[in-house]
**Student:** 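Below you will find the structure I want to go over with you.
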Amino acid sequence: MIRTRQLLALMVGAAALALAAPSGMAGTKNSPAITTQPVAAAAEKPNIVFVLTDDMSSNLLPYMPEVQKLQSQGMTFSDFVVSNSLCCPSRASIFTGRYPHNTGVLSNEGPNGGFGAFHSGGEERDTFATALQAKGYRTAMMGKYLNGYSPSDTVAGQKPYVPPGWSQWDVVGGGYEGYDYKLAHNHQIEPHGDRPKDYLTDVLSRKGTNFVKKSAAANKPFLLEIALFTPHGPSTPAPRHENAFPGLEAPHSPAFDKLPTNAPPWLARQDRLTQQEKNTIDRKFRKRAQALQSVDEMIGKLRNALTRAGVADDTYIVFGSDNGFHLGEYRLKAGKQTAFDTDVRVPLVIAGPGVAAGRTSNAQVSNIDLAPTFQRIGGAPVSSRVDGHSLLPLLDGGPDSNWRTANLIEHRHADRSPGDPDNNGGESISPPNYHALRTNSYTYVEYGSGAKEYYDLSTDPYQLHNTVGQLGGARLDHLHDALTRLKNCRGDGCWSAGNP
């Protein structure tokens, strides 16, 4: 017999499906309009555990058995695309459900980037955290927030600063090394050193499981986001994983050390990789896989904590990344920020009440869809300013055909800066400004310089042949108009713009 709490959770999910249906979907046989009374007790609202990695490429999934288990019990989105393949702009879109051109966060630092732009633009006042907290949720943010945030800084009269919407705040400034960092525990600073017990992922794992226990004991619905610095460089593994995967080499897809035909000028000048560079790429891939082992273990511990607390059946578990990563593809060494699938198409796995188990969705979903999904799960309203849509109509196995057909990718060129972990003069290259249209059948890119790219994903999945020169004028005009509509869209209008 299904417990009463499970039934109530499913009722919430069914009501959310009706609320979440995009324009033109409500009342259809695929997403029927459902009328139900709201659940009175907040404790009956489903919980959310969101684990967000940093720079994780899809080719690292085979080294994460707990995530693979999650895939067998939930839904994998094969075409989950980020709106900007860079940490801060992507995370700003995740918090708000809005494209970078609407959040105003276009880079990791400077007047149009980082925590400073997000805070000064007032974006913190309208996130999935503020929406769910208003609905009675306990909310916790742990790990990495936005580039430029520091527990040691005084912001709005607070030190450490805690943004609105968060009941518990356990956030680190620069935690890329995994050790020797300061953690803001609400309004207090916790210094951590270089002992094994200070390893950041393990610290966050302990804090996360403790938050689950306390929230369940209080009979309160909760949202927990654990945002890792892993596997972002230097990809420091936990001591117990330092010798994992001996001899592991980076995958060599058909794009490895290859230039696309008719490559854009910024890419065409890349030389072939040397053997030393290939050896470095192998070492980096191995360290990335090693560093993710503690993240995979953390997912298992969080799930065990949910089970022991008796709330596993009432909890959505979401696993994803803020952007992808290339390692040798297209003759590019270590980095991101391109419009290639290596950088923009990232893992997304969701399991929970009513989610079709072991299924794969090919819908064109984006990081702008996460915030409205979380809000609909919790019964919170979604503002008309939000560009994304709730994924709930897809999670029960609904057809992909009712979803948008195109996603927008934006990029603002970033000059080298010692303070930017992704543009600090190392191997990573920041391409010139561009906007791109990504569908299940093609990628179309327009650079500010006037250069263009077009890759037919149905015949060229590794994006090795830029065939934009073979397109007719009418087709190019259509692509340009479709891209222009998306890069200028706002709020509800982004749904129609995403169906060119």
Side-chain angles (χ1 to χ4, degrees), residues 55-60 79 81-82 84-86 233 249-285 288 323-346 407 409-416 422-472 475-476 479-480 483:
D55 285 9
M56 182 181 162
S57 49
S58 295
N59 57 13
L60 286 165
D79 264 345
V81 175
V82 295
N84 185 310
S85 183
L86 188 62
E249 298 178 349
H252 287 195
S253 78
F256 188 84
D257 201 20
K258 297 283 180 62
L259 281 181
T261 57
N262 301 311
W266 73 269
L267 181 61
R269 57 177 173 262
Q270 296 300 309
D271 295 327
R272 292 186 64 87
L273 299 172
T274 66
Q275 187 57 53
Q276 182 177 356
E277 289 169 338
K278 292 178 181 179
N279 293 341
T280 299
I281 284 171
D282 287 338
R283 286 195 296 272
K284 288 190 174 184
F285 186 82
R288 284 162 58 78
N323 51 255
F325 205 73
H326 55 253
L327 262 178
E329 292 88 356
Y330 314 106
R331 297 187 184 173
L332 297 170
K333 295 184 275 289
K336 50 202 175 188
Q337 305 186 62
T338 78
F340 290 116
D341 274 8
T342 52
D343 297 8
V344 302
R345 193 176 71 164
V346 300
N407 279 312
I409 303 156
E410 308 181 54
H411 171 72
R412 173 75 64 85
H413 171 73
D415 292 326
R416 292 182 175 184
D422 298 312
N423 299 287
N424 58 10
E427 296 178 343
S428 184
I429 294 175
S430 178
N433 294 355
Y434 70 76
H435 289 85
L437 198 64
R438 169 61 164 76
T439 77
N440 66 347
S441 59
Y442 65 84
T443 295
Y444 172 69
V445 188
E446 288 185 353
Y447 292 91
S449 64
K452 296 180 175 65
E453 292 175 277
Y454 181 92
Y455 299 98
D456 186 337
L457 300 179
S458 60
T459 60
D460 181 26
Y462 292 99
Q463 298 167 297
L464 290 171
H465 303 287
N466 175 19
T467 59
V468 72
Q470 301 174 22
L471 302 181
R475 175 64 171 157
L476 286 171
L479 291 168
H480 174 75
L483 179 56

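Being a predicted model, the structure only gives us computed values, none of them experimental.
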**Student:** Please find the pair of heavy atoms, one from S430 and one from A414, that lie closest to each other, and give the distance.
**Tutor:**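 The answer is OG-N, 2.9 Å.
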**Student:** Classify the angle between the aromatic ring planes of H411 and H413 as parallel (below 30°), tilted (30 to 60°) or perpendicular (above 60°).
**Tutor:** perpendicular
**Student:** Around Q275, counting heavy atoms of other residues, nucleotides and ligands shown, do more than 12 lie under 6.0 Å from its CD?
**Tutor:**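 Above 12, so yes.
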**Student:** Run the side chain to side chain donor-acceptor pair (under 3.5 Å) test on N423 and Q337 for me, step by step, so that the C-alpha distance in whole Å, both residues' side-chain angles and the decisive distance to 0.1 Å come before the verdict.
**Tutor:** CA-CA 10 Å; N423 299 287; Q337 305 186 62; 3.1 Å; yes
**Student:** Any chance you could measure S57, atom OG, to N323, atom CG, to the nearest 0.5 Å?
**Tutor:**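 S57 atom OG to N323 atom CG measures 10.0 Å (nearest 0.5 Å).
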**Student:** Atom CD in E410, atom CG in N84: separation rounded to 0.5 Å?
**Tutor:**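 Atom-to-atom, E410:CD and N84:CG are 7.0 Å apart.
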**Student:** Applying side chain to side chain contact (heavy atoms under 4.5 Å, CB included), run through K452 and V445 and close with a yes or a no.
**Tutor:** CA-CA 5 Å; K452 296 180 175 65; V445 188; over 6 Å; no
**Student:** Verify, without hydrogens or angle tests, whether N407 (side chain) and R438 (backbone) share a donor-acceptor contact under 3.5 angstrom.
**Tutor:** no
**Student:** About how many Å separate CH2 of W266 and OH of Y434, when rounded to the nearest 0.5 Å?
**Tutor:** 8.0 Å
**Student:** What's the spacing between T439 OG1 and L457 CG if we round to 0.5 Å?
**Tutor:** 6.5 Å
**Student:** Please report the interatomic distance CG(D456) to CD(Q470), rounded to the nearest 0.5 Å.
**Tutor:** 10.0 Å
**Student:** Determine whether Y330 and Q463 satisfy the following criterion, side chain to side chain contact (heavy atoms under 4.5 Å, CB included), listing intermediate values before the conclusion.
**Tutor:** CA-CA 9 Å; Y330 314 106; Q463 298 167 297; 3.7 Å; yes
**Student:** Using side chain to side chain contact (heavy atoms under 4.5 Å, CB included), reason through F256 and L273 one step at a time and then give a plain yes or no.
**Tutor:** CA-CA 9 Å; F256 188 84; L273 299 172; 4.0 Å; yes
**Student:** Under the criterion side chain to side chain donor-acceptor pair (under 3.5 Å), I'd like the reasoning laid out for D343 against T338: C-alpha separation, chi angles, the key distance, then a yes or no.
**Tutor:** CA-CA 6 Å; D343 297 8; T338 78; 2.8 Å; yes
**Student:** Are L437 and T443 side-chain neighbours, meaning at least one heavy-atom pair lies under 4.5 Å?
**Tutor:** no
**Student:** Looking only at heavy atoms, what is the nearest atom pair of Y444 and H480, with distance?
**Tutor:**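 Nearest heavy atoms, Y444 then H480: CE2-N, 4.1 Å.
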**Student:** Think R475 forms a cation-pi with Y442, using NZ or CZ under 6.0 Å from the six-ring centre and within 45 degrees of its axis?
**Tutor:** yes
**Student:** Which atom names give the shortest non-hydrogen contact between P265 and A451, and what distance separates them?
**Tutor:**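 Distance-wise, the nearest heavy atoms are CD-CB, 4.1 Å.
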**Student:** Does R345 offer a backbone N or O that forms a donor-acceptor pair with the side chain of D341 under 3.5 Å?
**Tutor:**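 Between the backbone of R345 and the side chain of D341 there is no qualifying donor-acceptor contact (under 3.5 Å).
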**Student:** Set out, in order, the CA-CA distance, both residues' side-chain angles and the distance that settles side chain to side chain donor-acceptor pair (under 3.5 Å) for T459 and H465, then state yes or no.
**Tutor:** CA-CA 10 Å; T459 60; H465 303 287; over 6 Å; no
**Student:** How close do E453 and Y447 get, heavy atom to heavy atom, and via which atoms?
**Tutor:** OE1-OH, 2.6 Å
**Student:** Scan side-chain atoms only and decide if E329 and T342 contain a donor-acceptor pair under the 3.5 Å cut-off.
**Tutor:**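 Their side chains do not contain a donor-acceptor pair, so the 3.5 Å distance test is not met.
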**Student:** Calculate, to the nearest 0.5 Å, the distance between atoms CD1 and CZ belonging to I281 and R283 respectively.
**Tutor:** 10.5 Å
**Student:** Under the side chain to side chain contact (heavy atoms under 4.5 Å, CB included) rule, what do L327 and K333 come out as? Steps first, then yes or no, please.
**Tutor:** CA-CA 5 Å; L327 262 178; K333 295 184 275 289; over 6 Å; no
**Student:** Please determine if R331 and D271 form a salt bridge, counting it only when a charged side-chain N lies under 4.0 Å from a carboxylate O.
**Tutor:** no
**Student:** Do you know the tightest heavy-atom contact between S85 and V344?
**Tutor:**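 Scanning both residues, the minimum pair turns out to be CB-CG1, 4.2 Å.
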**Student:** Can you confirm whether or not the ring centre of Y455 sits under 6.0 Å from the ring centre of F340?
**Tutor:** yes
**Student:** Are the side chain of T274 and the backbone of E277 linked by a donor-acceptor contact shorter than 3.5 Å?
**Tutor:** yes
**Student:** Can you check whether L259 reaches L267 side chain to side chain, under 4.5 Å on heavy atoms?
**Tutor:**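 Result yes, sub-4.5 Å side-chain heavy-atom pair found.
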**Student:** Measure across R272 and D257 and return the closest heavy-atom pair with its distance rounded to 0.1 Å.
**Tutor:**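 Taking R272 first and D257 second, the nearest heavy atoms are NH2-OD2, 3.2 Å.
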**Student:** Before giving the answer on salt bridge (Lys or Arg N to Asp or Glu O under 4.0 Å), spell out for D55 and R288 the whole-Å C-alpha distance, their side-chain angles and the decisive distance to 0.1 Å.
**Tutor:** CA-CA 10 Å; D55 285 9; R288 284 162 58 78; 5.1 Å; no
**Student:** Is a donor on one side and an acceptor on the other found under 3.5 Å between the side chain of N466 and the backbone of Y454?
**Tutor:**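 Yes, because the side chain of N466 sits within donor-acceptor range (under 3.5 Å) of the backbone of Y454.
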